[in-house]
Amino acid sequence: MPPRFATEMRFGMVEFGLRFLKGPWATAALVCLAAFVVLFALAGQTTNALFVYSAPK
Amino acid sequence: MKRSASLDFLRGAAAFAVAIPHYLTANAPFQPFAESFAISGVELFFVLSGFVLAPQIVDWVVNKPWRNLGVFLIRRWMRTIPPYVVALVVIALLTGNLMTADFVRYLFYVENLFSSANHVDFYPVAWSLAVEEWFYLLFAPALFLVARLLGRGDRRLELVFAILVIVVVATLRLSVSHQDWGLNVRRVTLFRIDSIVWGFLLYLALERREPIGLDASSGRWRLSALLVLLAVAIPLELGVAVLAVGGDLSAQRAFPYTSAAVGMIAVGVVWLSEDLFRNRFVRGASFYLGRISYSVYLFHLILIMALKPMMASAPLVLQLAVYVLAILALSTLFFAGFERPILAARPYYGAARRAASTAVAPHGDPRRLRLLFAIAFCLAALGAGVLARNAFMADKPYAFYSLLVATAVLVFALAETMRPHKAGATAVAARAFLLFAFALPCVDALYRNSTGLPLVATVAQPTYSYRAAHANPTAFATWWFYYLNEWIREDGIRAAIDAPDPQKKLPFVLVPGSSGRMFNTTIHINNLGFRGPDLPREKGDAFRIVALGESQTFGPTLRDGEKPWPELLQDLFDQHASCGRKIEVINAGTEAYTIENNLERMRRDILPLKPDLILSTHGMNGFYPFGLRRVAEPNEPGVRPRASALIGRAVLTIERAAHDWRGRNSAQATTVALAPMSDAELMRTRYADEYRKLIALARDNGADVALADATMSISESSPREVKDFYGAVFKPIDDIIAANEAHNRMVKIIAREEGAPLIDMAAGVDGIWDDDLYLDIVHFTEAGNERVAGLMFHALLPILAERHGLHCDVR
């Protein structure tokens, strides 16, 4: 592999990583993850109450 | 290369040349002409693709730094992959193929690499995108490396390399013997990569040519001649395609070359006719068509799946108009909201930046245009959001996930339109919503797996008893969600057979002649408005028994062939008894009716039929309104099947917490054990009054009345844990059991006082919780209906003999 290519690739990846972390997508990904954690926490509490329901008579 | 209106027009035309025939051929008999048209449209795309990518490859990649090759690939991937993944996920969701092996093969463009590998070809247009993707990955890097190795990058090298690729692929194609040409040759990446190279060659040929000027007459003549050539070439291509799809071997061998030739003629002629697209409107429309062409290609199958079944009975022209409009709308929204921001974020080859950035910039007054877009996105997002919410409530997961993604895309588009490329709370929220919408199906699948709840339940193995539920709680949960949904779903049985009461006295009425599906059976309401087969209004010589009751009598049967107990009772009389007269049993059970409702129904529908015997089977529905229940049913938030199990459960937790909080803050009396009602108290209840009215009304009209007491799966003597099991649904269970006991005591007293015959259900039906007789606390299984019918049959025989002189011989 030509050394120049490797250097450019390395710098490109670092640059891309930094831009991504500073941008709104990274924050959005964290927010999204947090939303799922909250949903799982809430949903988990009702797993034992699976059979609690109301039926038409 | 400058953006060309003529090529954009061709790109849009090719997309619709695929999309419209696909509409005609979807779920329809084989139509070779329409099929060939679509096939030719795809081939045109290939040549066009090679033609427009060639300048990037020859000017910016070959003999340029490594970075440029990276930029070329990243630009292509950013252009093609994100929209493809969106379309793939949506279609996988719609067809139930998300995260299957086939899905993963599509995701990595390897479903047709060397042969057709997928078991289910649920995204049949993806093969051509795989050909494109592998062209990017193989052709440009290989040419780049060859040029670098040889230290030259002139046109001659590029020409020789392109021809070499075509020869190699043609040889490979010739070397295979194929069973299914369409599947294993025409759509296989390895055998089709040359189709794009032809476009590359065309560019090398036309690179230095200017579009034909129309100002001189010679130019007009040349252009006319070229257009005539195109007009002749297209039918020839279609002819070869028709023969090829029809199985003609020579046509199949020739097809790649005729397609390439016609594609080159079409692209070349259209490229040279750029002058025809000088008009501002035509240019704008062409650019627009070009921009949306990719999403047209990606999403048209989804729209066909969504729209065609709904419009099947409409005239074809109308269907096509709606379909094309829907494609235009969806593709425009998707381009503006999804593709454009990604295109704008692509890297550039140095000085190409300015030219490239103007190619995707909006035309016209940017602020006005932005406002218009913002309003459109806002309205569309609201609409999609409402539809998503409805799909969520109605437990339609495929529709819900798709609509949530659509809402998120529109919200993202709205945020980007209002504040493009800005960081901040709005940008983060819109992006988080988008990520959430895309991730939800997978996360939901994880949650469903962890709780054992399937996406769609069936009645394959119903599990309804306490014993069966304890043996397999997951099966019970599955069964119960399905069971519950059959009662409450918006498009269910109630919508099909119930209608509002025109006289506004009853909660609803059954519609004569209607029918609907519930579980795996069709429920038919006969000509007189009762469940069961049609009956003559005049009874003739028959002895008419009307089984008057609630949903227990109406009968929520599960499968075709199962009958509610009144129909089974009819069968018993028909097959096992000869009574001198025909015994006719009418099922006058109605779900959710009380004895008071049935009194109204007696006056309206039943007494005109001149019944001889009213068989009263009332119970549960009147316990509370008529004073037998001492405690109201708690109005608790209950589990409902929702499109997203995860969100549904989370919302339920919040609802429960809110309910508990309100309970703590209200002066609700705590439940205390109440003493059983005395006989005197019972006889003063409204329920007792209603029974007396029923008996009087029947007798006044010449009909006898027999009273059956109420039956439930559990009784006072049932084990505590069984009571609690059923009590999870029917609350408070001890109060209901006490009410049932009180009701049956009351019925016995009334029967004695009024001299009406009594049918005691305690023998073999009431309280039998462990014999699979019940679907829940009151509704019968097939075995339960048979048991009740048998019990009624044997109880009615002496009543018919003693009170009506009908002595039946039982066989």
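Chain identifiers are assigned alphabetically (A, B, ...) following the order of the sequence lines, protein sequences preceding nucleic acid strands; residue numbering begins at 1 within each chain. The basis for the numbers below is simple: all heavy atoms, side chains too, and nothing from hydrogens, waters or symmetry mates. The shown structure was predicted, so the numbers you read here are calculated from the model rather than taken from an experiment.
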> B/L69 versus chain A, heavy atoms under 4.5 Å apart: side chain, backbone, both or neither?
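Interface part for B/L69: neither.
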> Going by heavy atoms in the side chains, are A/L39 and B/Y447 under 4.5 Å from each other?
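No; the side chains remain at least 4.5 Å from each other.
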> Which atoms of B/A439 are under 4.5 Å from chain A, going by heavy atoms: the side chain, the backbone, both sets, or neither?
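Answer is both: backbone and side chain atoms of B/A439 are under 4.5 Å from chain A.
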> Count the heavy atoms belonging to other residues, nucleotides or ligands that lie under 6.0 Å from OH of B/Y624, then report whether that count exceeds 12.
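12 or below, so no.
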> Looking at every heavy atom in both B/A432 and A/C32, which two are closest together, and how far apart are they?
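Distance-wise, the nearest heavy atoms are O-CB, 3.9 Å.
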> Test side-chain contact (heavy atoms from CB on, under 4.5 Å) on A/W25 and B/V428 and set out the steps.
CA-CA 7 Å; A/W25 283 107; B/V428 168; over 6 Å; no
> Any chance you could measure A/F36, atom CZ, to B/L446, atom CG, to the nearest 0.5 Å?
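Between atom CZ of A/F36 and atom CG of B/L446 there are 10.0 Å.
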> Is the shortest heavy-atom distance from the side chain of A/V31 to the side chain of B/F436 under 4.5 Å?
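When only atoms from C-beta onward are counted, B/F436 and A/V31 do not touch, as no gap falls below 4.5 Å.
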